[in-house]
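What follows is a short report on a single structure.
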Amino acid sequence: MPLGRRFRALKLWFVLRRFGTEGLRAHVRKGLDLANCFAGLVNEHPAFEISCPVSLSLVCFRLKGRSEDEQLAFLSRVKATGECFIIHTKLGGKVALRFACGGVEQSEADVRRAFGVIASCV
């Protein structure tokens, strides 16, 4: 079934029906706040650096001064914990790790716990 304009509009209609416009705004703001919280933790840690500006609820970061293979090995260690899920991308030809915030029930405590898991894998 093609996912045309009407189908996408239906998905948006369900989201608006579930949250309402104010609820949707609050959810987006909460995602921004959580992403900024995570970015602050990344900036404070000596082993990490932010790869690009925070975009909505997405934070891209990487290990400072490490090779691409080391970035991917680190990603594998984080995933192997089973406690935190991050993925990777390439920005400017370099591997960057992606952490997305903004789950409906996600809290700042969850973000801090996830960062603790990530930092413990360095």
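All values derive from a computational prediction rather than experimental measurement.
Heavy atoms only, all atoms of each residue included: K79 and I86 are closest at CE-O, 3.0 Å. Looking at every heavy atom in both residues, E108 comes nearest to C37 through CG-SG, 3.7 Å. Residue L41 comes nearest to R112 through the heavy atom pair CD2-NH1, 3.4 Å, listed as atom of the first residue, atom of the second, then distance.
In this structure, S57 OG and K30 NZ are separated by 11.5 Å, a value rounded to the nearest 0.5 Å. To the nearest 0.5 Å, atoms CZ (R29) and CG (L56) are separated by 13.0 Å. Here the CG-CZ distance, from L72 to R77, works out to 11.0 Å after rounding to the nearest 0.5 Å.
Of the possible donor and acceptor atoms, none in the side chain of S55 sits under 3.5 Å from a partner among the backbone N and O of L58. With D110 contributing its side chain and S107 its backbone, the two residues share a donor-acceptor pair below 3.5 Å. For Q106 (side chain) and V111 (main-chain N/O), no donor-acceptor pair under 3.5 Å exists by modelled atom type.
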Show me the donor-acceptor pairs within less than 3.5 Å that the side chains of residues 17-25 make with the rest of the protein, sequence neighbours left out.
{"residue": "E22", "atom": "OE2", "partner": "R25", "partner atom": "NH1", "Å": "2.5"}

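In this structure the side chain of E83 reaches within 4.5 angstrom of the side chain of R113, judged on heavy atoms. The side-chain heavy atoms of V95 and R66, taken from C-beta on, include no pair separated by under 4.5 Å.
Looking at K90 and E68, no side-chain N of the basic residue comes within less than 4.0 Å of a carboxylate O on the acidic one, giving no salt bridge.
Hydrophobic clustering places L97 together with V122 (ILVMFWY residues linked when any side-chain heavy atoms are closer than 4.5 Å, directly or through intermediates). Under the 4.5 Å side-chain heavy-atom criterion for Ile, Leu, Val, Met, Phe, Trp and Tyr, L34 and I50 are members of the same hydrophobic cluster.
Note on residues 28-58: pairs passing ring-ring contact (aromatic ring centres under 6.0 Å, His included), not counting sequence neighbours, are F38-F61, F38-F99, F38-F115, H45-F48, H45-F115, F48-F61, F48-F74, F48-F115.
Under the side-chain contact (heavy atoms from CB on, under 4.5 Å) criterion, S51 pairs with C60, R62, L91, A96, sequence neighbours left out.
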